[in-house]
J.: 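Pasting in a structure now, in structure tokens, and then I'll have a few things to ask.
Atoms within a ligand are numbered from 1 in the order they appear, just like the ligands themselves.
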Amino acid sequence: MRLDVVTIFPEYLEPLNVSLVGKARARGRLDVHVHDLRGWTHDRHNTVDDTPYGGGPGMVMKTEPWGEALDDVLASGYETGAHGPALVVPTPSGRPFTQELAVELSLRPWLIFTPARYEGIDRRVTDEYATRIPVYEVSIGDYVLAGGEAAVLVVTEAVARLLPGVLGNAESHRDDSFAPGAMANLLEGPVYTKPPEWRGRGIPDVLLSGHHGKIARWRRDEALRRTATNRPDLIERCEASAFDKKDRETLSLLGWAPEPGGRFWRRPQDVEE
Ligand code: ADE
């Protein structure tokens, strides 16, 4: 997979050299190119922004440097044999970045990221490239960052670990929380490793039992417990068929009640606590 990032802070993308993404690059699974947007300015001050039409606070990133940058990045990528580019535009106004979207992006051969500073990029830039290639406007969460660079790091890491040959074990992401088709989209429960006792704290006996069925059941119960506490919306979204008999017992013990259709809802008194 080829990745291009156009930014006014190339040094912000240094983490792409380390850890998992760095290894993916070293193994030839990822071909990363970081570009300085100011390289496509032509004035003494390397201006990339201007005041917004219609007034209002902040500055808007200008069309010309982005247009020239993206034309050059596309041309040089095609020249070196890259194909199937898609633009990924990090913005708090984008669609939520989910594991499902990470999987979709991981199947594309070439991603071009356009992290913006200030109030964002003049709309005509995305409109223009959307006539040529797929454009994904992506938000990594309901909060506003000072720029899209951190979002690029987030998206890149989530995508890179899905590429074949990047994670040691091909099965490692099958059980990820949020993996499409994961067990009813539950969060993963707690995990433990040696030593068997630390500061007076032991390991749940069942994990030492060697009984695979019981261990799987315990993991499922813990996943339900953690999901019910931290992400009740995920439980509410589950079809009735996502839960077996033991799930239903566990959820009832946690203060959840089935509605006639079989989906689970928090009992009102528990919502208020
Ligand atoms: N840029 C600023 N805030 C952002 C967010 N939440 N997601 C993606 N890009 C952003």
J.: For D247 and D244, indicate whether the former's side chain and the latter's backbone hold a donor-acceptor pair under 3.5 Å.
T.: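 Answer holds: yes.
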
J.: Output the list of atoms in ligand 1 that are nearer than 4.0 Å to some heavy atom of S139, sorted by atom number.
T.: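 So the answer, numbered in order with elements, is 6 (N), 7 (N), 8 (C).
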
J.: Among all the protein's non-hydrogen atoms, which is closest to atom 6 (N) of ligand 1, and how far away is it?
T.: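 Going atom by atom, the protein heavy atom closest to atom 6 (N) of ligand 1 ends up being Y143 O, 2.8 Å.
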
J.: I need the minimum non-hydrogen distance between R248 and A240, along with the two atoms involved.
T.: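 Scanning both residues completely, I find the closest heavy atoms to be NH2-O, 2.9 Å.
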
J.: Please collect all side chain to side chain donor-acceptor pair (under 3.5 Å) contacts where either partner lies in residues 49-63, sequence neighbours excluded, each pair once.
T.: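 Sorted result for residues 49-63: empty, none.
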
J.: Starting from atom 9 (N) of ligand 1, which protein heavy atom do you reach first, and at what distance in Å?
T.: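 Heavy-atom neighbour on the protein nearest atom 9 (N) of ligand 1: T91 N, 3.2 Å.
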
J.: Identify, for atom 3 (N) of ligand 1, the protein heavy atom at the shortest distance, and state residue, atom and that distance.
T.: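 Nearest protein contact, heavy atoms only, for atom 3 (N) of ligand 1 is L145 N, 3.0 Å.
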
J.: Looking only at distances, please establish whether an N/O atom of ligand 1 is found under 3.5 Å from an N/O atom of I140.
T.: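 Min N/O separation from ligand 1 is below 3.5 Å for I140.
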
J.: Specify whether Y78 and W110 have parallel, tilted or perpendicular ring planes, treating 30° as the upper limit for parallel and 60° as the lower limit for perpendicular.
T.: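 Perpendicular.
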
J.: Counting distance only, does the side-chain N/O of Y129 pair as donor-acceptor with the main-chain N or O of G67 below 3.5 Å?
T.: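 Checking the backbone N and O of G67 against the side chain of Y129, a donor-acceptor pair under 3.5 Å is found.
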
J.: Below 4.0 angstrom from a heavy atom of V138, which ligand 1 atoms are there? Numbered from 1 as shown, please.
T.: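 Once the distances to V138 are compared, the set is 8 (C).
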
J.: Hey, which atoms in ligand 1 end up nearer than 4.0 Å to a heavy atom of P90?
T.: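 Here the atoms of ligand 1 in question are 8 (C), 9 (N).
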
J.: Tell me which protein heavy atom sits closest to atom 1 (N) of ligand 1, plus the residue, atom name and distance to 0.1 Å.
T.: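 Ranked first by proximity to atom 1 (N) of ligand 1 is P92 CD, 3.5 Å.
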
J.: Answer with yes or no whether D142 contacts ligand 1, where contact means a heavy atom under 4.0 Å from a ligand atom.
T.: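 Contact absent.
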
J.: Ignoring angles and geometry beyond distance, decide whether A151 reaches within less than 3.5 Å of ligand 1 through its nitrogen or oxygen atoms.
T.: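 Among all N and O atoms of A151, none is under 3.5 Å from an N or O of ligand 1.
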
J.: Which pairs count as side chain to side chain donor-acceptor pair (under 3.5 Å) when at least one residue sits in residues 196-209, sequence neighbours excluded?
T.: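 Those involving residues 196-209 do not exist here.
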
J.: Please indicate whether K246 has more than 12 foreign heavy atoms, meaning atoms of other residues, nucleotides or ligands, lying under 6.0 Å from its NZ.
T.: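 Enclosed.
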
